[in-house]
Amino acid sequence: MRSVLRQCDRHPAFGIDRFRMPWQGNDLSNPYPIDGARDALWRATAVAPVDCRPLDGDIDADVAIIGAGFTGLNAALVLAEAGTSVVVLEGADLGFGASGRSGGQVNLGLNLGPSALIARFGEGAGRRLIERLAGVPDEVFALIERHDLNCDPVQMGWVQGAASDGQRRLQENLARDYERHGVHFDVLDAAQVQRRSGAHGYKGGLFCATAGSLHPLSYTREMARVALGMGVQLFTHSPVTALEREGRHWRLSCAGASGGRVRAETVLVCTNAYTDDLVDGLKETVVPVRSLLMASEPLPMELRDRVMPGEVTFVDKRRLILYLRYDRDGRLCAGDHGPMRDGFRLEDYTAVKRRVVEVFPDLAGVRWDYHWGGRVAMTRSKLPFIQVVDDGLVAGMGYNGRGVGMGSIMGRILAEFVLGKPEGELDFPVSTPKPFAFHPFHRIGATVAIAWHGLMDRIEMRGNR
Ligand SMILES: Cc1cc2nc3c(=O)[nH]c(=O)nc-3n(C[C@H](O)[C@H](O)[C@H](O)COP(=O)(O)OP(=O)(O)OC[C@H]3O[C@@H](n4cnc5c(N)ncnc54)[C@H](O)[C@@H]3O)c2cc1C
């Protein structure tokens with residue numbers, strides 16, 4: 001058995017990452033004026049936080065979950081409903097990870113289309129996954145309704161704009177591919193993209209009627225509220241810094257303000273882009289790229305009728321995507337890629353502000369009130385994964401920017417696995433993700449890759465005029 005015992009004191013919220021290369025900088029003291037979590041619009045508009053404290057003392061549970069985002073919390077809900085005793089350990093405050101900072105778009109699909117998924121996972125597992133994916137937005141909105149989660153759900157559809165003829169052809173092929181599996185996207189021409197979304201300059205697009213948006217921090221806090229009501233023990237500011245085998249149990253030890261310990265037979269690691277060195281080799285399977293978000297002043301209705309009317313969400317199909325949605329007060333939230341650090345400067349948002357006005361010229365002069373951002377977990381396969389790291393130690397993560405829907409569903413699938421569903425019957429296949437080579441240099445690699453993708457986007461756009 002592989003040893004997964006690690007002592008690490010470098011959770012992003014608590015201390016210095018002593019293994020960072022000097023040229024990687026030190027995000028943790030955050031010398032930048034904009035804090036990716038604290039400055040999120042969602043912090044100002046979310047439902048009240050739930051009452052949680054750090055774990056002190058020793059407790060036992062059937063299942064320990066590390067990370068209280070969409071994945072960990074939904075796993076906790078399903079397990080608790082099935083009568084399992086669950087402890088959730090969150091290293092920072094609730095929503096510190098991507099779940100509290102996200103764009104909150106609930107979308108259908110992964111980075112690979114149905115044929116590619118079947119080619120990768122085989123006929124049976126591939127088809128099962130596609131069927132489950134098709135229902136992801138409906139499943140999330142049903143979860144919200146069932147538990148009466150107060151998180152501003154809006155299910156008014158999603159427009160994806162193709163910025164070139166090549167992208168339009170890719171979309172048409174994808175829509176045909178999905179259609180063969182009974183999943184429908186409307187294929188839009190340029191005029192229809194403009195009519196449905198108000199976006200200018202696109203060659204065509206797709207519309208998905210079941211997609212929508214939610215308030216990501218409220219969704220997180222509300223799931224936590226319900227989980228606590230079901231008897232889940234949820235501790236914040238309890239970073240797990242050591243994981244050891246003790247007979248058939250795992251012993252999790254927390255540091256920081258906590259110092260408590262948990263003994264559990266099964267551990268779910270749900271740390272996605274905020275994965276640290278706790279589990280040997282896990283961090284190397286994801287590269288945390290950064291996504292920036294900003295939110296406008298509340299826009300008047302006559303402007304909202306022209307820009308993404310009817311609260312449709314929007315994303316484009318460039319390599320470096322632009323994504324937009326409204327919040328409940330009519331603030332437009334727009335997102336783009338960011339620099340490879342956890343704190344930001346206002347200048348980092350110059351490009352996204354320019355892009356927004358290129359696509360929606362009516363937004364010139366709009367005031368941007370909030371700026372924030374966070375980490376997005378990219379994987380080599382461009383797909384999430386479930387990995388059995390060791391007996392009773394399972395990880396589920398790697399959403400490549402699609403974790404609002406997929407993370408929620410992954411939580412349920414992980415819970416079903418723990419509850420005894422055979423591996424071969426899970427709706428998401430178990431696999432061993434390939435690590436990134438030269439992971440310690442991922443900042444440099446990702447910076448180069450982003451620059452390359454940006455260049456490719458510009459060349460494609462130029463050839464397109
Ligand atoms: C700016 C931004 C915009 C995004 N927009 C969208 C979008 O519009 N649509 C979409 O589908 N996806 C979007 N995403 C991605 C999506 O938000 C994530 O995929 C999803 O939130 C992941 O949820 P999670 O529960 O797996 O992980 P997270 O929410 O990141 O939670 C992981 C948690 O683990 C904790 N943790 C880490 N290590 C430890 C430890 N050792 N001990 C204890 N706790 C630990 C962290 O503190 C963190 O809170 C966006 C992401 C970002 C950053």
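Ligands are counted one by one from 1 in listed order, and the atoms in each one are counted from 1 as well.
In terms of polar-atom proximity, Ile66 is not counted as a contact of ligand 1, lacking any N or O under 3.5 Å from an N or O of the ligand. Residue Gly72 has no nitrogen or oxygen atom sitting less than 3.5 Å from a nitrogen or oxygen atom of ligand 1, judged on distance alone. Checking only distances, Gly103 does come within under 3.5 Å of ligand 1, N or O to N or O. Between Val404 and ligand 1, at least one N/O pair is under 3.5 Å apart. Of the polar atoms of Ser238, none of the N or O atoms is found under 3.5 Å from an N or O of ligand 1, judged by distance alone. The shortest N or O to N or O distance between Thr271 and ligand 1 is not under 3.5 Å. Residue Arg101 has no nitrogen or oxygen atom sitting less than 3.5 Å from a nitrogen or oxygen atom of ligand 1, judged on distance alone. Polar contact with ligand 1: absent for Asn107 (N/O pair, distance under 3.5 Å). An N or O contact shorter than 3.5 Å is missing between Gly374 and ligand 1 by distance. On a distance-only criterion, Phe96 and ligand 1 share no N/O pair closer than 3.5 Å.
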Subject >> salt bridge (Lys or Arg N to Asp or Glu O under 4.0 Å) evaluation trace for Lys283 with Asp276 >> reply: CA-CA 6 Å; Lys283 188 174 81 174; Asp276 60 15; over 6 Å; no
**OP:** Tell me, with the steps shown, if Tyr219 and Phe70 meet ring pair (Phe, Tyr, Trp, His ring centres under 6.0 Å).
**Re:** CA-CA 8 Å; Tyr219 180 49; Phe70 306 143; 5.1 Å; yes
**OP:** Carefully, step by step, assess Asn400 and Thr379 under the rule side chain to side chain donor-acceptor pair (under 3.5 Å).
**Re:** CA-CA 7 Å; Asn400 291 265; Thr379 56; 3.0 Å; yes
Subject >> Stepwise side chain to side chain donor-acceptor pair (under 3.5 Å) test for Arg402 and Asn111 >> reply: CA-CA 9 Å; Arg402 291 165 180 254; Asn111 282 333; 3.2 Å; yes
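Checked by atom type and distance alone, the side chain of Asp35 pairs as donor or acceptor with a backbone atom of Ala37 at under 3.5 Å. Side-chain atoms of Asp457 come within 3.5 Å of backbone atoms of Leu320 as a donor-acceptor pair (strictly under, hydrogens ignored). Proximity of a side-chain donor or acceptor of His442 to a complementary backbone N or O of His439 within less than 3.5 Å is detected. No donor-acceptor pair closer than 3.5 Å links the side chain of Asn74 to the backbone N or O of Gly411.
Proximity to Leu293 (heavy-atom distance under 4.0 Å) selects the following atoms of ligand 1: 1 (C), 3 (C). Heavy-atom proximity to Gly104, at under 4.0 Å, picks out these atoms of ligand 1: 7 (C), 8 (O). Near Arg402, with a cut-off below 4.0 Å to any heavy atom, the atoms of ligand 1 are 10 (C), 11 (O), 12 (N). Within ligand 1, counting atoms from 1 as listed, the ones closer than 4.0 Å to a heavy atom of Phe70 are 20 (C), 21 (O), 25 (O). Each of the following atoms of ligand 1 lies closer than 4.0 Å to a heavy atom of Gly97: 29 (O), 30 (O), 48 (C), 49 (O). Distances below 4.0 Å separate heavy atoms of Val376 from the following atoms of ligand 1: 51 (C), 52 (C), 53 (C).
Using a 4.0 angstrom heavy-atom cutoff, Cys270 counts as in contact with ligand 1. Contact annotation: Arg375 has at least one heavy atom less than 4.0 Å from an atom of ligand 1. Distances from ligand 1 to the non-hydrogen atoms of Pro239 include at least one value under 4.0 Å.
Side-chain polar atoms of Gln167 and Asp316 form no donor-acceptor pair below 3.5 angstrom.
For atom 18 (C) of ligand 1, the nearest non-hydrogen atom from the set Ala255, Ala98, Ser99 belongs to Ala98. The option from Val240, Val140, Leu94, Thr220 that lies nearest to atom 42 (N) of ligand 1, judged by heavy atoms, is Val240.
Counting heavy atoms under 4.0 Å from ligand 1, residue Trp372 does not touch it at all. Of the heavy atoms in Tyr399, only side-chain atoms (C-beta onward) come closer than 4.0 Å to ligand 1. When non-hydrogen atoms are compared, ligand 1 lies under 4.0 Å from the backbone of Leu89 (N, CA, C, O) but not from its side chain.
Cation-pi check for Arg245 over Trp250 is met; the charged atom lies under 6.0 angstrom from the ring centroid and within 45 degrees of its normal.
The salt bridge (charged side-chain N to carboxylate O under 4.0 Å, His left out) check on Glu139 picks up Arg132, with sequence neighbours excluded.
At a threshold of 4.5 Å between non-hydrogen side-chain atoms, the residues Leu41 and Asp369 do not count as touching.
Here ring pair (Phe, Tyr, Trp, His ring centres under 6.0 Å) pairs that include residues 315-343, with residues two or more places apart or in two chains, number zero.
Aromatic pair Phe385/Phe428: centroids not less than 6.0 angstrom apart.
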